[in-house]
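A short write-up of the structure that comes next.
Throughout, protein chains are lettered first and strands after them, A, B, ... in sequence-line order, and every chain is numbered starting at 1.
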There are 2 protein chains.
Amino acid sequence: MSTSSIILGMNENDLRVQRTRALLRQALIDLVKSDGYENISIRDITKKAQVGYKTFYRHYEGKDDLLQSLVDEMVDEIKQVLAPPSDIEAPDKNPLASLTYMETNADLILTLLNSTAADQVLDKAVEFALEEGRLTFKSDFIPDELMAHHFASSMISLLRWWLEGDKQVSKLEMALYIDQLVIRPMKALSGIT
Amino acid sequence: MSTSSIILGMNENDLRVQRTRALLRQALIDLVKSDGYENISIRDITKKAQVGYKTFYRHYEGKDDLLQSLVDEMVDEIKQVLAPPSDIEAPDKNPLASLTYMETNADLILTLLNSTAADQVLDKAVEFALEEGRLTFKSDFIPDELMAHHFASSMISLLRWWLEGDKQVSKLEMALYIDQLVIRPMKALSGIT
DNA sequence: CACTTAAGATACACTGTGTGTCATAAATAA
DNA sequence: TTATTTATGACACACAGTGTATCTTAAGTG
């Protein structure tokens with residue numbers, strides 16, 4: 001499921017390996033929050049992580065690769081939130097439940113959505129929505145792919161707007177807006193009453 | 001209206017200045033199409049433009065600044081297309097007319113929407129939609145700002161999806177999809193029959 | 001405890017940025 | 001046209017960051 005292109009040939013179970021990677025990821029998160037992804041150098045990351053410069057390249061191909069591994073990790077985590085066993089809390093059925101998670105992780109979510117990996121996040125979201133039976137919305141006139149794309153990109157766009165707006169809008173209001181602008185219209189197109 | 005931060009103190013009317021800037025902009029466009037914005041160096045640009053390296057910095061602060069000046073130029077041009085005197089061809093009234101323009105300029109539009117300036121394009125689009133009396137959609141429950149944001153981001157997102165999809169979908173179909181996914185729902189929210 | 005191997009330290013070549021300086025060519029203004 | 005202004009080109013330079021190579025050391029593994 002994870003597509004991080006970590007350099008092969010290392011014992012993933014070695015404590016030193018796990019520690020180094022954990023330190024590098026945490027350093028990236030901290031630095032991205034404080035300085036922004038674009039303004040960070042690999043030397044900054046290794047310095048913050050207290051790790052040798054060369055060591056970085058023993059694990060990742062470059063800055064983008066490290067970010068990618070982080071994104072994969074988060075996407076997997078978010079999937080767990082959006083598709084719980086009960087399925088009652090899925091974002092198209094109950095936006096509020098999802099928003100609670102997003103709000104508590106606002107920093108990291110925005111970091112992710114504002115980074116160069118944003119496109120990949122959208123792609124993964126579309127892919128996720130298209131998974132077998134997951135797509136609630138189906139229209140006779142509009143291709144499934146477009147339905148999924150519009151749903152995912154609208155949700156992400158509204159989420160960014162909300163999280164960047166300094167929380168002027170409450171979680172409850174936002175859920176209502178999402179329902180009116182996205183969910184209901186798409187339900188209507190799907191013939192769901 | 002234009003916010004390009006061109007370095008001051010130069011005679012804008014001097015033919016040499018105009019020629020240099022035109023060459024640099026065209027070089028950026030060409031290189032972005034062939035190699036992608038991220039992979040271009042300033043040396044590449046000046047080489048392509050047949051302009052001295054140092055000369056670049058006499059006009060722009062850096063790569064982003066040059067892109068910005070290009071974006072400003074394009075946004076102004078697109079505004080003319082989207083808001084003609086007749087106003088009958090506005091995208092919320094007749095998506096088809098706008099799509100014709102977008103299709104013929106697909107390369108450049110995609111370049112722009114995939115560049116680092118994409119966020120600013122969205123901001124400008126929202127700002128444009130919010131201009132006095134321009135916003136057709138108004139809801140009693142949803143803030144104007146959010147209506148404009150959702151409209152703009154949805155249009156841009158659908159546009160990207162369309163232009164990146166190798167034209168599998170005809171202009172006519174796309175106009176229909178836009179109408180069903182965005183225009184009609186927002187009209188309904190506005191109480192427009 | 002012996003062995004393996006990841007990590008640290010350091011040096012290096014390379015690419016790209018941004019600035020300084022000066023002679024020259026080209027545009028402007030008279 | 002001619003004289004003057006000034007944008008440009010051609011270097012040269014300091015600097016920052018990348019990615020690799022090599023050797024030693026320290027830590028984790030079995």
Side-chain angles (χ1 to χ4, degrees), chain A residues 4-70 115-117, chain B residues 4-70 115-117:
Chain A
S4 64
S5 55
I6 275 180
I7 291 158
L8 313 91
M10 245 185 213
N11 184 3
E12 310 264 334
N13 297 323
D14 194 314
L15 287 186
R16 290 169 294 183
V17 173
Q18 294 179 355
R19 195 187 60 224
T20 296
R21 289 181 185 170
L23 286 171
L24 287 173
R25 287 182 187 186
Q26 191 54 51
L28 179 66
I29 292 174
D30 293 343
L31 287 172
V32 142
K33 281 184 191 172
S34 59
D35 301 347
Y37 180 75
E38 317 293 339
N39 308 315
I40 312 172
S41 70
I42 291 179
R43 286 214 145 80
D44 292 334
I45 299 172
T46 54
K47 194 178 168 187
K48 182 97 177 182
Q50 303 265 52
V51 157
Y53 177 70
K54 173 67 196 260
T55 301
F56 181 96
Y57 291 100
R58 293 192 174 108
H59 293 273
Y60 304 99
E61 288 176 2
K63 213 171 61 162
D64 287 346
D65 192 31
L66 173 57
L67 177 66
Q68 186 61 54
S69 83
L70 208 67
S115 77
T116 54
Chain B
S4 64
S5 55
I6 275 179
I7 291 157
L8 312 92
M10 243 184 214
N11 184 3
E12 310 263 335
N13 298 322
D14 193 315
L15 288 186
R16 291 170 294 183
V17 173
Q18 296 178 354
R19 195 187 60 223
T20 296
R21 290 180 184 172
L23 286 171
L24 287 173
R25 287 182 187 186
Q26 191 54 50
L28 180 65
I29 292 174
D30 293 344
L31 287 173
V32 142
K33 279 184 192 172
S34 58
D35 300 347
Y37 181 74
E38 318 293 341
N39 309 315
I40 312 171
S41 70
I42 291 179
R43 286 212 144 81
D44 292 335
I45 299 172
T46 55
K47 194 178 170 187
K48 182 95 175 184
Q50 302 266 52
V51 158
Y53 178 69
K54 175 67 195 273
T55 301
F56 181 95
Y57 291 100
R58 293 192 172 106
H59 294 273
Y60 304 99
E61 291 176 0
K63 213 172 62 164
D64 287 346
D65 192 32
L66 174 56
L67 177 66
Q68 186 61 53
S69 83
L70 208 67
S115 77
T116 55

*Within the structure shown, what part of the strands sits under 4.0 Å from Q50(B) by heavy-atom distance: base, sugar-phosphate, or nothing?*
sugar-phosphate
_Assess the residue pair E61(B) and Q68(B) against the criterion (side chain to side chain contact (heavy atoms under 4.5 Å, CB included)); give the C-alpha distance rounded to whole Å, side-chain angles, the decisive distance to 0.1 Å, and a yes or no._
CA-CA 11 Å; E61(B) 291 176 0; Q68(B) 186 61 53; over 6 Å; no
Presence of donor-acceptor pair under 3.5 Å, side chain of [X] and base of [N]:
X      : N       : answer
R19(A) : dG28(D) : no
Y53(A) : dG17(D) : no
R16(A) : dG8(C)  : no
K54(A) : dA21(D) : yes

*Where each residue is assigned the nucleotide of DNA chain D containing its nearest heavy atom, which of Q18(B) and R43(B) is assigned the position nearer the 5′ end?*
Q18(B)
*Roughly how far, to the nearest 0.5 Å, is CG of L28(B) from CG of L24(B)?*
9.0 Å
*In terms of ring plane angle, is the pair Y57(B) and Y53(B) parallel, tilted or perpendicular, where the classes change at 30° and 60°?*
perpendicular
So, is [X] near the phosphate of [N], with a side-chain N or O under 4.0 Å from OP1 or OP2?
X      : N      : value
T20(A) : dA6(C) : no
T55(B) : dT8(D) : no
H59(B) : dT8(D) : yes

Could you give the [atom1]-to-[atom2] distance, from [X] to [N], as a whole number of Å?
X      : N       : atom1 : atom2 : answer
N13(B) : dA7(D)  : CG    : P     : 12 Å
I42(B) : dT19(C) : CD1   : P     : 10 Å
Y57(A) : dG8(C)  : OH    : P     : 15 Å
D64(A) : dT18(D) : CG    : C1'   : 13 Å
M10(B) : dT6(D)  : CE    : C1'   : 9 Å
N11(A) : dG30(D) : CG    : C1'   : 11 Å
I45(A) : dG19(D) : CD1   : C1'   : 14 Å
E12(B) : dA27(C) : CD    : C1'   : 16 Å

*Is there a donor-acceptor pair closer than 3.5 Å between any side-chain N or O of D44(A) and the backbone N or O of I40(A)?*
no
*Any idea which of dG28(D), dC22(C), dG16(C) is nearest the D14(A) side chain?*
dG28(D)
_Would you say D64(A) and Y37(A) are linked by a side-chain donor-acceptor pair, where the criterion is simply a distance under 3.5 Å?_
yes
